[in-house]
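Note on naming: letters A, B, ... go to the chains in the order of the sequence lines (proteins, then strands), and numbering restarts at 1 for each one. Bear in mind the structure is a predicted one, so any value in this text is a computation, not a measurement. Just so it is clear, the values below take in all heavy atoms, side chains as well, and ignore hydrogens, waters and symmetry mates.
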Number of protein chains: 2
Amino acid sequence: MKRKITLKQIAKELDVSISTVSKALRNSVEISEDTRQKVQAFAKLYNYRPNNIALSLKNRKTKTIGIIIPEIVHYFFSKVITGIELVANKRGYNVIVGLSNESFDKEVINMQMLANGSIDGFILSISKETLQQQDYHHFLETINQGMPIVMFDRVVNEIPCDKVIVDDVKGAKKAVEKLVSSGCKNIAIITTKDYVSVGKLRTQGYLEALEDHKMHPEASMILKIEDKLLSDDDLDKLESEIEQLFKSNKSIDGIFAVNELYAVTAIKVARTLGLEIPKSLQVVSFTDGVLSKHSTPSLTTVSQHGQEIGEKAADLLINRLEMDEDNEEEEETFETVVIETNLIERESTK
Amino acid sequence: MKRKITLKQIAKELDVSISTVSKALRNSVEISEDTRQKVQAFAKLYNYRPNNIALSLKNRKTKTIGIIIPEIVHYFFSKVITGIELVANKRGYNVIVGLSNESFDKEVINMQMLANGSIDGFILSISKETLQQQDYHHFLETINQGMPIVMFDRVVNEIPCDKVIVDDVKGAKKAVEKLVSSGCKNIAIITTKDYVSVGKLRTQGYLEALEDHKMHPEASMILKIEDKLLSDDDLDKLESEIEQLFKSNKSIDGIFAVNELYAVTAIKVARTLGLEIPKSLQVVSFTDGVLSKHSTPSLTTVSQHGQEIGEKAADLLINRLEMDEDNEEEEETFETVVIETNLIERESTK
DNA sequence: TTTCAACACGAAAACGTTTGCGTTGCCCAA
DNA sequence: TTGGGCAACGCAAACGTTTTCGTGTTGAAA
């Protein structure tokens, strides 16, 4: 077992100084053609690669970006990571991930673990607990220490950073309008409690769409789910709440669900109640994930383009990291990029 | 914007030496109670945290582990990551991920990016292309450089490292036996080409189970899919191949699919051909993912316990990392841990 | 023969830590 | 008065790089 070789060892073997080796490898003109050849050959033979940690220390930048997301077993988030990793790698960066598990404490801990030099900047989506507590000091502190953050999907305005979001309101309107134009007269929504920013916005889009069409939203048609992490118990609860929704509103002929799981669960429940999809009930969901594509019937959904969001977020972050080098102190101005959603029509609507 | 504070700055402010500060913070007895208090107060005030990179360089260990997986938008792999991250964090490690995208080149590049000091060890699952080419030099080289690897799920025997796998043969047998005991007489398998190690093993389990029950496997009942990354075109191809399978074997009453997607696609195709699930066709799949749980009918599946695999892999790796410290040169002996699968019965079987 | 540039290379600092050891200053015993 | 010992602290090396600034040697011009 040969340990990784260092400049020092090469220098010793070849009886030159460390600096000579370093320069030779970087093709400095200071070094004679002869020694350059010799050093490079030797380095190649022993498969020399500069130690990343040493470089990070010297350059005061690690070329890695930290991702903090609530969970990873989740189509949208993993798509985003794919996008981040794609452009990060292309631009010479690595990606280190931390999971908050929707917990405030884990979010804070994770950020502290990474903010001590391990990374150059963050890309993150806020945990539900943090959104609920509205405690954002950890974000503000890391920004204050000169470490840029890019937020995506679940964002809050009061934090000075770049953001990448989808237009949830508009996307929800598209969904509801599809239902309207397909003949639905009584459209219900299955959404989350309001502290989840995207849930709130999608609810808002639902309401706006209804009003645009002179349809009056009724409180009883709005089902707000308290969704923590989905355990099996929660699933049962979800089903019974949805069943309640159908039973107390017999006239429902359209459902807008803010995520796939709510949609397939609604379909499942509806079927046990004798409703046919899409004949007597049409369904549109948010997030074009694996369930939408492959369940039966396949779901008409609003696609969020998670990968694109990730790519954009990474580009924004890296741009800012590499801009800082040049003009350190131009006044900072932050960008909020909106990724367009689009409706993908499948079998759950007419 | 205040940059992160360092020992040097604290030392300067307090007019002591760097070493005094360092020792004071670590509660060394060399330092008087007085200065200790003073330094610690100051450090707390300015929220001092030791720079991770500097520590990594000094200690020659980074306390981060590298994960290389084929893709992340994948229930099983993301479950594994969850498990890894869980125990890694608990034991003070970070996790940095690279995606090979099932490509040999990206796998190699990614490993090189990380093997230069950024991490202490790898946890990985081999890409399909690598399995196909059977070129494992990059694994052997990093192991030779003293960097331990733990492989999971897709492994090859010839590499000296710890491994965490499920018993694919046994799991497949469980699946097929369930079909047999539920009355299936003609069981087909939808699997991958043989170079995918887990596909091959599951096929083997299928064959063994049939033989155990004196049922004679026919070549026409074995559909081996060439599965690259799933694009929409591939999905069409998959459907038509499955349709072909049904049409040329009218007697099929049971399907064992080596992954969820094959299973739901088979069900979809079967339905268009007028088959009822589970009445006239029963289906069992591998991987207990989101499709199995939430599609209709829900799928009877063999659960792989991805999170457990991840947890075990992380424990193995960290154990080895921290063992190395003590007894550097005991002869190395590697472990292969088998995580038990279990069959989860749902609606797609009787 | 002297001088000076070009050439080829080495020394050392710096990035931020930790730690073994040397160095003070002081007190007390001999 | 001397010396020993202890308490409290600083120096410097080390981790592996890169880079600035010397420094020595050569050859050629004056």
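- For A:Arg91 and A:Asn319, the side-chain atoms include at least one donor-acceptor pair closer than 3.5 Å.
- At distances below 3.5 Å, at least one donor-acceptor pair connects side-chain atoms of A:Asn51 with backbone N or O atoms of A:Ile53.
- In plain terms, the two heavy atoms of B:Ile126 and B:Arg154 that are nearest each other are O-NH1, 2.9 Å.
- At C:dT17, none of the side-chain N or O atoms of B:Lys8 fall inside 4.0 Å of OP1 or OP2 (strictly under the cut-off).
- Although no hydrogens or angles enter the test, the distance criterion places a donor-acceptor pair under 3.5 Å between the side chain of A:Thr64 and the main chain of A:Ser118.
- Rounding to whole angstrom units, OH of residue B:Tyr48 and P of C:dT17 are separated by 3 Å.
- The stretch residues 23-36 of chain B comes close to DNA chain C through B:Lys23, B:Arg26, B:Glu30, each having a heavy atom under 4.0 Å from the strand.
- In the helix from C:dT1-D:dA30 to C:dA30-D:dT1, the rotation axis of the first five pairs and that of the last five pairs differ in direction by 100°, rounded to 10 degrees.
- Distance, A:Ile53 CD1 to C:dT17 C1': 13 Å, rounded to whole Å.
- When the side-chain nitrogen and oxygen atoms of A:Ser22 are compared with OP1 and OP2 of D:dT18, one or more of them lie within a distance under 4.0 Å.
- In the set C:dG16, D:dG10, D:dG16, C:dG16 carries the atom at the smallest distance from any side-chain atom of A:Arg60.
- Annotation: of the two residues near DNA chain C, B:Thr20 and B:Leu57, the 5′-most nearest-nucleotide partner is B:Leu57.
- Without hydrogens or angle criteria, B:Asn110 side chain to B:Leu99 main chain gives a donor-acceptor distance under 3.5 Å.
- The separation between B:Lys58 atom NZ and C:dT17 atom P is 12 Å, rounded to whole Å.
- A donor-acceptor pair under 3.5 Å links the side-chain atoms of B:Asn116 to the main chain of B:Gln112, judged by distance alone.
- Between the P atom of C:dT18 and the CD1 atom of B:Ile18 lies a distance of 11 Å, rounded to the nearest Å.
- Side-chain N/O atoms of B:Ser19 and base N/O atoms of D:dC11 include a donor-acceptor pair closer than 3.5 Å.
- What you find for B:Phe104 and B:Ser127 is that their closest heavy atoms are N-OG, 3.9 Å.
- With hydrogens and angles ignored, the 3.5 Å screen pairs a side-chain donor or acceptor of A:Asp135 with a backbone N or O of A:His137.
- Contacts of A:Thr82 classified as side-chain hydrogen bond (donor to acceptor under 3.5 Å, both in side chains), with partners at least two apart in sequence or in another chain: none.
- Counting any heavy atom pair closer than 4.0 Å across all strands shown, A:Thr6 reaches sugar-phosphate atoms only and no base atom.
- Residue contacts shown for A:Leu7 include a base, since a base heavy atom lies under 4.0 Å away.
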